[in-house]
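The analysis underlying the following values was restricted to heavy atoms, covering all of them including side chains, and did not include hydrogens, waters or symmetry mates. Predicted, not measured: the structure shown is a model, and the values here were computed from it.
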Number of protein chains: 2
Amino acid sequence: MDGRTPEAVVEPVIAGDVVAAGYRLDAEDGVCPVRDVLDRLGDAWSVLVIRHLDGGPARFNALRRAIDGISQRMLAQTLRKLERDGLASRTVFPTTPPQVEYALTDLGRSFSAHLAQLAQWAFLHQPAIRASRRAYDAASGDDD
Amino acid sequence: MDGRTPEAVVEPVIAGDVVAAGYRLDAEDGVCPVRDVLDRLGDAWSVLVIRHLDGGPARFNALRRAIDGISQRMLAQTLRKLERDGLASRTVFPTTPPQVEYALTDLGRSFSAHLAQLAQWAFLHQPAIRASRRAYDAASGDDD
DNA sequence: CGGAATCCCTGAGGATACTG
DNA sequence: CAGTATCCTCAGGGATTCCG
């Protein structure tokens, strides 16, 4: 199974100046909590779900339809991760048929705000990055 | 992403628009630039290399030794990506033996600063996330 | 409707070996 | 020293199916 992360157990990891000291990713002394968050950013589905939930609560299939491209497997998995981390909340309505509503928690909204910041940075520097890539590719491909 | 109400997404920043509109990942006319940056964050090696280079320029094997755990393959690959994106610079000294020095560019330093911010957020909310996980795991395993 | 289980395939990434 | 190329593994994730 992939749902369970072996290193996800409680680890007395680094404290103090994480930023200045750098990221200790060596799993020798346990997984760095910072790594977790960064992984969530790298996960496209998590990002999409979070950003979408930022627009308000939504039900499972509503999310599935809205994101379009995500498989029910990934959606369920992503939602469970978010819920486990306390970024999203899950509310079950015992109706017929059963409805489950997902929503961002305060923590989730806080995280979503940081996502927006990152996106802004990316958007701002997109031209520079593109230019750099073009220059790099030109220099690499042009060798004769 | 088709029939959602514009008012539903309350985005004060320009990035919000980018995120809401550009996460389609369809590489029709190019991949979303925001996705690129997020991927870089998700890449543990990129993060490590960037954060390490933030401490000053370093040579290939110096980085390899410093990061320890990274394979030469991943290091070379990561450095090439960073260089291509204009986040890091590569300087070759035609000495014997040849020395190659890597350093962060202004763009790279800017990015590194954002990494630090993210890390700070993660560190700050680490207790909440951990608590949430513990509660979730307890509720999942113990259901009677 | 919401979700868990199964199958299978792709590719990220480690280890190793070889060049400049 | 600073890479590149090759092989191989194994986990991420899509498609499908079944259950509450």
Side-chain angles (χ1 to χ4, degrees), chain A residues 1-8 25-27 31 35 38-49 53 57-84 88-103 136 139-141 143, chain B residues 25-27 36 39-49 53 57-84 88-103 136 139-141 143:
Chain A
M1 276 306 254
D2 44 46
R4 282 288 192 274
T5 317
E7 318 93 37
L25 295 199
D26 357 281
V31 166
R35 193 56 260 144
L38 262 30
D39 283 342
R40 207 105 301 122
L41 279 166
D43 181 9
W45 295 136
S46 290
V47 172
L48 276 173
V49 170
L53 283 181
R59 289 186 297 287
F60 191 88
N61 280 326
L63 278 171
R64 177 140 74 128
R65 256 176 268 111
I67 294 181
D68 180 68
I70 192 172
S71 59
Q72 81 298 37
R73 187 193 203 275
M74 281 302 102
L75 180 54
Q77 194 173 302
T78 300
L79 285 170
R80 256 181 283 121
K81 272 198 305 184
L82 295 180
E83 187 196 357
R84 197 175 103 99
S89 64
R90 186 188 123 122
T91 311
V92 181
F93 295 97
T95 60
T96 42
Q99 288 192 354
V100 182
E101 194 173 85
Y102 292 92
Y136 183 93
S140 299
D143 222 5
Chain B
L25 298 198
D26 20 75
D36 283 355
D39 283 342
R40 210 101 297 127
L41 279 165
D43 181 10
W45 294 136
S46 289
V47 172
L48 276 172
V49 170
L53 283 181
R59 290 192 302 284
F60 190 88
N61 280 325
L63 277 172
R64 176 140 75 129
R65 256 175 267 110
I67 295 181
D68 183 65
I70 192 173
S71 59
Q72 78 297 42
R73 186 196 204 279
M74 280 302 102
L75 180 54
Q77 193 171 305
T78 299
L79 285 170
R80 257 181 282 120
K81 273 198 304 184
L82 295 180
E83 187 196 357
R84 195 175 103 100
S89 65
R90 186 187 122 120
T91 312
V92 181
F93 295 97
T95 60
T96 43
Q99 288 191 352
V100 182
E101 193 173 86
Y102 292 93
Y136 184 92
S140 298
D143 214 2

Which of the following nucleotides, D/dA2, C/dG14, D/dG14, is nearest to the side chain of A/R73?
D/dG14
Atom-to-atom span, CD of A/Q99 to P of C/dG2 - whole angstrom
7 Å
Between atom CZ in B/R64 and atom P in D/dA2, what is the gap in whole Å?
9 Å
A/L75 atom CG is separated from C/dA4 atom P, nearest whole Å, by 11 Å
Strictly below 4.0 Å: does A/R80 bring a side-chain N or O up to OP1 or OP2 of C/dA4?
yes
Look at all strands and tell whether A/F93 reaches a base, only sugar-phosphate, or nothing, counting heavy atoms closer than 4.0 Å.
nothing
Measure CD/B/Q72 against C1'/D/dT4 and give the value in whole Å, please.
10 Å
For the pair B/I70 and B/L48, evaluate side-chain contact (heavy atoms from CB on, under 4.5 Å) and give the outcome as yes or no after the intermediate values.
CA-CA 10 Å; B/I70 192 173; B/L48 276 172; over 6 Å; no
In whole Å, I'd like the distance from the CG atom of A/D39 to the P atom of C/dA12.
16 Å
For DNA chain C, whose closest nucleotide is more 5', that of A/L79 or that of B/Q77?
A/L79
Report yes if at least one side-chain N or O of B/Y102 is closer than 4.0 Å to OP1 or OP2 of D/dC1; otherwise report no.
no
With the side chain counted from C-beta on, respond yes when B/N61 and B/Q72 share a heavy-atom pair under 4.5 Å apart, and no when they do not.
no
Rounding to an integer number of Å, can you tell me how far A/K81 NZ sits from C/dA4 C1'?
17 Å
